[in-house]
Novice: 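This structure is in structure tokens; I'll ask about it shortly.
The analysis underlying the following values was restricted to heavy atoms, covering all of them including side chains, and did not include hydrogens, waters or symmetry mates. Residue numbering restarts at 1 for every chain, and letters A, B, ... go by the order of the sequence lines.
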2 protein chains.
Amino acid sequence: MARTNAEPAVDKRRLILDAAVRVFARQGFHTCRVSDIADEAGVAYGLVYHYFDSKDQILDTLFLERWDILLRAIQQVDAEEIPPREKLYAITSFIVDSYRHDPDLMQVIIVEVTRAANTFGRTHLAHIREAYYGIAAIVERAQRAGTFRSDITPDFAALAFYGAVEQVLTGWIFALLPTGEREYDQAKTHIVETICGGLDQTDRTSSTAGRAD
Amino acid sequence: MARTNAEPAVDKRRLILDAAVRVFARQGFHTCRVSDIADEAGVAYGLVYHYFDSKDQILDTLFLERWDILLRAIQQVDAEEIPPREKLYAITSFIVDSYRHDPDLMQVIIVEVTRAANTFGRTHLAHIREAYYGIAAIVERAQRAGTFRSDITPDFAALAFYGAVEQVLTGWIFALLPTGEREYDQAKTHIVETICGGLDQTDRTSSTAGRAD
DNA sequence: TGACCGGTTGACTGACCAGTCAATCTGTCC
DNA sequence: GGACAGATTGACTGGTCAGTCAACCGGTCA
């Protein structure tokens, strides 16, 4: 067998993390037992504590892994030379595709961390806030460039934008909105249209990122 | 003492509910003990179980009491003969004023129920959904009247609108946004402006409900 | 007066489960 | 082979707390 200590045949740690995602998504963090995770992963109870200090740390790990990727994506988008509306579209697209690609993980992150303001949301408030700030920075720049109106503070706009995105994902998670490939792509356009263009009926000659239905 | 059986000098049940609001807001539902509520209310532990079947039932009661008021407010607003943008302003105003009037209660409802999708949010999903539908109905009518654009589904618009409102309240609760009388009134206008008017810079001749700053 | 009853008390119990730990297994290296 | 290290096992412990319950209190009414 060509394998070294550094690379075991099966990464049990990863196995446990992936199992935890499924269990958290199915039962919820607080409702599930550590033994449920061990069972789902097909490992002994004690092994979970070999790789993690606590049940909390498992969720922390899952969240931080994914959130860092999101933060980097936001920064990267902001660095590009594209109109602000396309930047917001790119961010929305990234988040929606994250959900499309791994709904369980996104459900866990949103339901158990981002929206769980009293437990993990509080712990990771600084990280979550960083995403808001990234978005606010985009809005601020757009305001200075005259592309976005200036009477709404960037912080406020960021919250409204992120709130809309998260609420739509929550709608999918709890079957308040229909899901599906078509819906995911439409949602991207609709979120950006709602926040940037507004619901009001107006003459719309310049539709930007994403095609209308 | 002029009092009958029906009206005790102090309504201990109410006392417990009010204490629970403070305790839930301070410590969170899952983190606090039933004895904390009893202590805060200044009553014996057992009395809590005289008036309520379970810890859960206390939160259920608090939520339902308040949410029914919100649902009625939404229906009432929709019944009025005012432009849709003013309807949304009235709803936003109602929610923001609810927070202004009793921040602890609104924090508990949002943090422990509305956003707690895995626990009480799931239990009360039908009630929460009803608020979305009420808002969606307003949007739909506005679309039919040609006041709102029709390419965004009412359900979707309702989610985005409610998401923005909730996110702003959450921002206040967790000190991500500055609070204060001025901020509360501004927020009402800004939320409606963002969702109806959009962030885009355009010619704005007709500003509706609420004065700009 | 004394019987009755809803309101009130707080010590106690039973269940649950995160986290521990000593034992075992497996592979590696000399 | 045998000694060492890290991986793996799962029974067990300790603490926590929701909910129970038997006793007590104080007002009312006949």
Novice: Do A:Arg115 and A:Gln167 meet the criterion of a side-chain donor-acceptor pair at a distance under 3.5 Å?
Specialist: yes

Novice: A:Phe52 CZ to C:dA18 P: how many Å, rounded?
Specialist: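 Taking atom P of C:dA18 as the reference, CZ of A:Phe52 is at 15 Å.
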
Novice: For the side chain of B:Ala44, starting at C-beta, report the closest nucleotide among C:dA18, C:dT9, D:dG19.
Specialist: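 Shortest atom-to-atom distance from the side chain points to C:dT9.
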
Novice: Is any NZ, NE, NH1 or NH2 atom of the basic residue among B:Arg14 and B:Asp18 found under 4.0 Å from an Asp or Glu carboxylate oxygen of the other?
Specialist: yes

Novice: On DNA chain C, does the nearest nucleotide to A:Gly46 precede the nearest nucleotide to A:Phe29 from the 5' side, or the other way round? Give the residue.
Specialist: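 In this pair, the answer is A:Phe29.
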
Novice: Could you tell me how far apart B:Asp11 (CG) and C:dT8 (C1') are, to the nearest whole angstrom?
Specialist: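 Atom-to-atom, B:Asp11 to C:dT8, this comes out as 15 Å.
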
Novice: Of the listed nucleotides (C:dT9, D:dT9, D:dT20), which one gets closest to any side-chain atom of B:Tyr45?
Specialist: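 Side chain of B:Tyr45 sits closest to D:dT20.
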
Novice: On the nucleotide D:dT8, are OP1 or OP2 found under 4.0 Å from the side-chain N or O atoms that A:Lys12 carries?
Specialist: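 True: A:Lys12 side-chain N/O within range (under 4.0 Å) of D:dT8 OP1/OP2.
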
Novice: Does OP1 or OP2 of D:dG19 have a side-chain N or O of B:Tyr49 closer than 4.0 Å?
Specialist: yes

Novice: Roughly, in whole Å, what's the span from CG in A:Leu47 to P in C:dG19?
Specialist: 16 Å

Novice: Other residues, nucleotides and ligands only: do more than 12 of their heavy atoms fall within 6.0 Å of CZ on B:Arg33?
Specialist: no

Novice: To the side chain of B:Val43, which of D:dA11, C:dG7, C:dT9 is closest?
Specialist: C:dT9

Novice: According to a strict under-4.0 Å criterion, is A:His50 in side-chain N/O contact with OP1 or OP2 of D:dT8?
Specialist: no

Novice: Go through C:dC17, C:dG10, D:dG10 for me and flag the one nearest to the A:Arg33 side chain.
Specialist: C:dC17

Novice: Is it the case that the ring center of A:Phe63 lies less than 6.0 angstrom away from the ring center of A:Phe120?
Specialist: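 They do not qualify: ring centres at least 6.0 Å apart.
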
Novice: Counting only side-chain nitrogens and oxygens, does A:Tyr51 get under 4.0 Å of the OP1 or OP2 atom of D:dT8?
Specialist: yes

Novice: In whole angstrom, what separates B:Leu15's CG from C:dG7's P?
Specialist: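 One finds 15 Å between P of C:dG7 and CG of B:Leu15, rounded.
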
